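Keep in mind that this is a model prediction, so the values were computed, not measured. First listed ligand is number 1; within each ligand, the first listed atom is number 1.
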Amino acid sequence: MSRWKGPMSTAGGVTRTYGLRRHFTKPGIEGEAPKIRLPILKRIVRYFTPYWSQFTVILFCIALAAGLNVLPPFCVAMILDKAIPGGDMNLLALLAGAMVALAVISGFMGVLQHTLTARAGQSIMFDLRTELYRHLQRMSLFFYTATRSGQIVSRINNDVNAVQGVATTTIITIASNLATLAATSIALFSMNWKLALMAIVVVPAFYIPAKIVGRIRRRLSLETQERQASLLAFMNERLHVGGALLASIFGQKEADAGEFSEKSADIRDLNVKQATVGRWLFMILSVFSAIGPALIFWYGGYQVIQKELTLGLLVAFIALLTLLYRPLMQLVSVYVDIQASVAVFQRIFEYLDMEPEIQDQPEAKEMENARGHIVFENVGFAYPARPVVSGEENRDRRNGQGNGDSEPFALRNISFEIKPGEQVALVGPSGAGKTTITYLLPRLYDPDDGRILIDEHDIRHLAQENLRRHIGMVTQETFLFHASLRENLLYAKPDANEGEITEACRVANIHDFIAALPEGYDTVVGERGFRLSGGEKQRVSIARALLKNPSMLILDEATSSLDATSEFLIQTALEKLIKNRTSLIIAHRLSTILSSDKIVVLSEGRLVDIGSHDELLKRGGLYSELFEQQFSRVLSLER
Ligand code: ADP
């Protein structure tokens with residue numbers, strides 16, 4: 001089962017038989033969620049600073065509203081102590097009117113504050129989402145092969161959405177509660193300092209239970225998020241064409257359903273736990289907030305009897321007590337929210353902190369035009385040993401050769417040259433390293449040893465975008481976006497005009513087919529769109545490569561056999577695509593091998609031979625063996 005590694009996995013310390021007491025008594029619970037530290041807070045604050053002016057207005061609204069909120073109890077006191085006993089109708093009307101006016105003004109402040117908060121919150125989310133997306137785009141191909149796609153999507157989606165809660169709810173709750181607390185304390189002390197002191201005495205008792213419950217909730221929240229990401233990834237795989245097919249064919253539906261319900265039962269239990277802890281906190285705090293008024297009534301009543309306090313002031317005092325305890329209660333539970341919010345940010349930062357394995361050098365060069373002269377010099381490469389997920393996991397990847405894997409290298413000491421315009425075929429048994437070589441050229445991975453030169457430039461010194469602009473790729477598995485054919489083609493050259501598109505499709509032998517579709521180039525294809533056959537997709541991808549018009553081409557010939565017509569259409573399209581371009585081809589077709597200028601023979605990551613077809617055949621060895629196995633029959637039929 002794949003799980004997030006690093007600090008997250010340690011959150012699994014919470015066991016199924018969860019109980020509050022257990023957590024109170026268990027010393028030093030293992031795998032404590034990370035503490036809130038200053039650097040991370042500073043980093044979070046940085047996302048809020050662009051919106052400081054909005055937050056200033058918001059804080060002003062909050063302070064004003066808090067000040068206004070303590071006034072109504074004073075109106076009540078004056079009504080009870082002055083207006084009613086004195087029979088002053090005018091004062092009564094004035095005070096009643098003032099209460100309404102105060103409510104209107106503070107309501108208006110509320111609207112303004114909410115509008116601004118929503119705007120600021122959404123803007124922060126927008127910034128984070130964009131930053132994450134851009135960052136993930138820079139990750140090397142390995143990141144995508146090592147991470148379940150559902151997990152990436154879930155993190156961007158859920159965690160960034162959760163950030164909005166931080167901006168709108170958490171921060172505003174803190175500010176408005178602090179303001180109310182300050183205003184209320186001033187009001188209470190100005191009325192009667194003895195009573196006020198008594199009300200404040202019970203306050204520290206709020207803190208301790210909140211701290212304990214806060215810690216538990218933070219850990220639960222982390223684990224829930226983690227489990228949810230895992231469930232989402234599971235669903236993404238299983239409820240997907242490929243996964244569903246596998247489940248049917250291997251008869252694993254029952255087992256999958258079992259795993260699914262096990263995973264979602266975990267989430268159910270965790271959520272129940274979270275909700276329960278929240279209620280415990282609430283219960284404890286409610287008891288404390290009931291003690292306060294009881295004490296006040298007792299001592300305040302005594303003061304009224306002794307004529308040290310008016311009845312009106314006592315009523316006002318009690319009314320203000322709610323304004324003291326409610327913010328206090330919310331502030332302690334907000335502390336819990338802050339912890340959860342920090343956890344959310346931490347998860348996002350974990351992604352942002354992963355360094356893309358392939359990076360441009362500070363002074364990366366750009367090639368205006370490439371002739372397409374490719375040289376591999378003693379190139380060695382090993383795939384990263386462990387999945388990149390939490391950043392720190394993978395740092396020592398190549399020191400990990402002692403991982404029980406005695407031969408981690410996918411390529412060793414590979415040297416060959418392709419002159420501009422030459423066609424080179426890569427042949428060798430499956431797993432020999434052919435695909436890996438094609439990945440190294442556009443720097444989807446960087447070699448560990450040796451270097452690769454294009455037109456005498458070490459490709460590590462070239463800007464990645466610039467390098468890739470000169471390289472086209474046609475792979476076996478053609479991926480088309482869920483978009484119209486035109487949009488898919490324009491992905492290769494966004495400013496191509498209609499003429500260029502149709503010309504490319506003509507050369508790729510696909511124009512007639514597309515033109516015959518009811519919606520022509522506007523036909524939506526891809527996962528949920530119109531289904532193209534394998535051969536048709538291949539030709540669309542050839543057209544896409546033609547539009548890009550690169551000087552170097554990587555081609556992975558399809559191994560699956562197509563019908564003769566498709567085969568012919570693709571073959572002629574490819575011939576036109578390859579013409580005048582430096583081509584590196586993982587060759588499966590006899591005609592491609594025979595027409596290549598050079599054949600590179602690979603086995604187990606090593607280059608075992610290189611030469612023309614005739615030379616290689618004459619020398620015997622692996623090439624003639626492979627040739628014998630795959631093509632001798634075809635050849636004898638053709639002759
Ligand atoms: P070919 O294309 O010749 O079949 P590949 O270049 O795909 O061979 O693979 C070369 C070696 O690298 C194989 O041993 C394969 O298992 C390994 N390999 C390929 N892709 C990965 C990957 N993403 N992570 C780890 N090892 C890989």
Check your understanding: Heavy-atom distance under 4.5 Å between the side chains of Ile586 and Leu555, does that happen here?
Key -> no
Practice item. Determine, counting only non-hydrogen atoms of the protein, whether one lies under 4.0 angstrom from atom 21 (C) of ligand 1. Key: yes
Point to revise | For Phe479, side-chain contact (heavy atoms from CB on, under 4.5 Å) partners two or more places apart | key: Phe481
**Study point:** Cationic tip of Arg129 above Phe126 ring, under 6.0 Å, 45° of axis
**Key:** no
Check your understanding: For ligand 1, which atoms have a heavy atom of Thr436 less than 4.0 angstrom away?
Key -> 5 (P), 6 (O), 9 (O), 10 (C)
Practice item. Kindly indicate whether a cation-pi arrangement holds for Arg43 with Phe345, taking the cut-offs as under 6.0 Å to the six-membered ring centre and within 45° of the axis. Key: no
Exercise for review: Assess Gly428 for proximity to ligand 1: is some non-hydrogen atom of it under 4.0 Å away?
Suggested key: no
Study note, to complete from the structure: Scanning both residues in full, the closest heavy-atom pair of Val540 with Ile510 reads CG2-CG1, 4.1 Å
Review point. Hey, do the aromatic rings of Phe381 and Tyr445 have their centres closer than 6.0 Å?
Key: yes
Check your understanding: Among protein heavy atoms, which lies nearest atom 2 (O) of ligand 1, and at what distance?
Key -> Thr435 OG1, 2.3 Å
Check your understanding: So which of Tyr439, Tyr144, Tyr383, Tyr445 gets nearest to atom 25 (C) of ligand 1, if we judge by its closest heavy atom?
Key -> Tyr383
**Study point:** Under-4.0 Å protein heavy-atom contact, atom 8 (O) of ligand 1
**Key:** yes
**Study point:** Pick from Gly431, Ala432, Ser603, Gly433: the one approaching atom 4 (O) of ligand 1 most closely through a non-hydrogen atom
**Key:** Gly431
